[in-house]
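Everything below concerns the one structure shown next.
Below, chains carry the letters A, B, ... as their sequence lines are ordered, and counting in each starts from 1.
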Amino acid sequence: MKMDNIMALSDEAIFDALKKILVESFETPEDQITPEANLYEDLDLDSIDAVDLAVKLQTLTGKRIKADEFKTVRTVADVVRAVQALLAR
Amino acid sequence: MRKLNYLWRLLMTGLAFSLFSIGGLAITLFAYPVIRLMPGGPARRRQRMQWVIHKMFGVFVGFMCTVGIMRLHLNNAEALANARGVLVLANHPTLIDVVVMISLMPRSDCVVKAALWNSPFLGGVVRAAGYISNAKSSEELVEACVGALRQGGALVIFPEGTRTRPGEPLRFLRGAAHIALGCEQPILPVVLRCDPPTLSKGRPWYDIPPRRFEYRLDVKSPLSARDLIEPDLPDTLAVRRLTGALETHFALELAAHGQPAH
């Protein structure tokens, strides 16, 4: 394993962590969680859940998420991208 | 004779709808300015406005019963009249549910559509009554509802979010559970039934039933949100469990009275 892999998280690692959160905290059926899945339309999250999810991702990354940043997030892949952007800061 | 009765009820249903609009306009033109001029702060004004709406809806329901469009069967309705600081939850079979309920409640808070809130005709009345506009973010909406309950309001919520789709299983949105868990106020379940079905989702007003409809309103024993779910659940799970528990509770109540839950 290269050093930079330890510092940075791969998309898959973030996806898996996100999947774990969705299954455990939001009781999302695991087989529905795909990168294309829409959090609100496909996975039955509501905007209050989105706030909870943002808080959990903050704990995971140790970085603060601004409400505006998370508003544009629609799909699981968007969340992974948002987390990557957060980690790159 | 049957045909005559049908035509009479069709005519009276149309008249009832017209009366409803005229009544709303009358409140805006006459009751609203008077209440605004009366002494007392916004809280008093809110109570008076809610009382006027309550009386107006009472006249409307009385009219529909008198002309023979509907027959009203009440069970434990006093609990609704005396409701304070209570989250009133009801299933939503018809267009007139909120009207029947408020006709029994001298004080009531409800959530209204943004279109009504901003309506040039009725917006003033709705705002003066302290009703809550749904044109807010979910968090703000839940907060406003919890606030109304803490102030002793009787908040009427239809957890389905819209009228029941006939023939489909009862499906609750999570808003009611968010509100119930946001405060410690009791839940008052109200089970509504309409037979034969009429004024349901996707049905125009003139599609009236073959006979006068029997409208049943049954106020059940209060529930506590905490008793319906396991303790110490994280918020995200508590809201989901409570929504499921309430859905089941109502589905069973409806099924228990011969009306299939779906």
Q) Can you say whether A/Asp46 sits under 4.5 Å from chain B via the side chain, the backbone, both, or neither, judging by heavy atoms? A) both
Q | Over 12 non-hydrogen atoms of neighbours within 6.0 angstrom of CH2 in B/Trp117 | A | yes
Q. Is B/Thr236 reaching over with its side chain to a backbone N or O of A/Ser25, donor-acceptor style, under 3.5 angstrom?
A. yes
Q) Around A/Tyr40, counting heavy atoms of other residues, nucleotides and ligands shown, do more than 12 lie under 6.0 Å from its OH? A) yes
Q | Test side-chain contact (heavy atoms from CB on, under 4.5 Å) applied to A/Asp49 and B/Arg174, step by step | A | CA-CA 10 Å; A/Asp49 294 332; B/Arg174 289 193 291 265; 2.9 Å; yes
**Q.** More than 12 heavy atoms of other groups within 6.0 Å of B/Asn76 CG
**A.** yes
**Q.** B/Val142, part contacting chain A, at a heavy-atom distance under 4.5 Å
**A.** side chain
Q: Mark yes when over 12 heavy atoms from residues, nucleotides or ligands other than B/Lys113 sit less than 6.0 Å from its NZ; otherwise mark no.
A: no
Q.
Take a 6.0 Å sphere around CZ of B/Arg45 and say whether it holds more than 12 heavy atoms from other residues, nucleotides or ligands.
A. yes
Q. Do A/Asp44 and B/Arg240 meet the salt-bridge criterion of a basic N to acidic O distance under 4.0 Å?
A. no
